[in-house]
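Ligands are counted one by one from 1 in listed order, and the atoms in each one are counted from 1 as well. Scope of the values below: all heavy atoms of this structure, side chains included, with no hydrogens, waters or symmetry mates.
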Amino acid sequence: MGVTRRDILMNAGKLASGLAIGGTALHATGEDRAAAGPGKRKLKVVVTGGHPGDPEYGCGGTIARYTDRGDDVVLLYMNNGAWPPTPAPVRMAEAKKACEILGATPAYAGQVNGHAIVDNAHYDEFRKVIDGLAPDVLFVQWPIDHHPDHLAMSILALDTWLKSDRKYAFYYYEVGQDTMMFQPTEFVDIAAQAARKREACYAHASQTPDYWYPLQTQLSDFRGAESGYKSAEGFVRHWMSKGNMLP
Ligand SMILES: [Zn+2]
């Protein structure tokens, strides 16, 4: 007797539902989410990522939903992505284009690709960057991951949030084949934003999008199957974070 892919999807969906019982809502609805709209204050959203491209691949659809309703979104990259043979100006131009497609603004935390440092000086430095951006919502890569830069950014961001007295919302996100052991508790329907997300990911032309983007699509299809959408991005809200801040 074989286990089909559909069985796996169904079981994963049940698991997700089970985990969400008693905790946060599995699906945030249009009513209980914070909305910009007329008369509402715009949100400042900061999406951190180990490299240019991580926020776009992990949360591109969600970012587009925020910016479409008028919220202000900054993609904060830990480094400029320079890696031989691709120099920093090429990577930064790609990031600028990706941000334009999503209606977001790029920013850099000043570290070096492949050489992430987590020490007291860098905790302080990173905290100043985030405090300067004054987010209402912070998105962070899940800290169990194949890439040390992703881990480092995640740890720096968690420390910053805890030291802020958790005054803004904190959500973890996942990226393609890098994130491990991630079970979302909340989902955002990105079917209507999928084309722009794809375009933003492909703006990182030096990063072999023909290889990476289909893997990310498998993931958003899978998260969609779990959550009842055609395509979705999944998030874990820190249990101590305020909720209902997804678009
Ligand atoms: Zn990365």
Side-chain angles (χ1 to χ4, degrees), residues 45-64 73-99 101-102 104-118 122 125-126 129-130 133 138-161 170-182 184 190 196-220 222-223 233-236:
V45 179
V46 176
V47 185
T48 62
H51 310 94
D54 288 317
E56 294 90 323
Y57 274 79
C59 320
T62 300
I63 292 165
V73 182
V74 173
L75 307 195
L76 176 62
Y77 309 116
M78 189 178 205
N79 56 66
N80 61 29
W83 192 264
T86 311
V90 170
R91 298 288 280 119
M92 292 172 79
E94 290 173 345
K96 183 169 178 284
K97 186 177 168 196
C99 284
I101 290 162
L102 295 175
T105 307
Y108 294 87
Q111 292 228 24
V112 176
N113 192 4
H115 301 276
I117 301 170
V118 178
H122 287 81
E125 195 176 291
F126 190 73
V129 172
I130 295 291
L133 291 169
L138 188 68
F139 286 89
V140 177
Q141 280 179 264
W142 181 248
I144 305 175
D145 187 290
H146 285 94
H147 200 300
D149 288 351
H150 301 168
L151 313 186
M153 188 68 151
S154 188
I155 291 166
L156 292 170
L158 177 63
D159 178 75
T160 291
W161 179 67
F170 188 102
Y171 291 93
Y172 285 111
Y173 72 90
E174 60 182 336
V175 174
Q177 306 301 294
D178 288 337
T179 306
M180 294 174 282
M181 299 172 65
F182 187 82
I190 63 156
R196 274 162 71 206
K197 173 174 180 170
R198 181 183 190 282
E199 204 185 333
C201 293
Y202 269 81
H204 294 279
S206 70
Q207 303 302 300
T208 58
D210 281 336
Y211 175 76
W212 292 110
Y213 188 74
L215 295 174
Q216 193 69 37
T217 305
Q218 280 181 12
L219 190 59
S220 49
F222 179 79
R223 295 310 181 199
E233 288 167 347
F235 300 94
V236 172

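For E56, there are no salt bridge (charged side-chain N to carboxylate O under 4.0 Å, His left out) partners, not counting sequence neighbours.
For the Zn ion (ligand 1), the count of nearby protein N/O/S atoms, taking only those under 2.8 Å, is 4.
F126 is listed as a side-chain neighbour of T48, based on a closest heavy-atom distance under 4.5 Å.
Residues Y173 and F235 keep their aromatic ring centres 6.0 Å or farther apart. In summary, the aromatic rings of Y211 and Y213 are positioned with their centroids too far apart to meet the 6.0 Å limit.
Under the 4.0 Å criterion applied to side-chain N and carboxylate O atoms, K97 and E94 are not assigned as salt-bridge partners.
Using the six-membered ring where Trp is involved, Y172 and W142 have ring planes that are perpendicular, over 60° apart on the 30 and 60° scheme.
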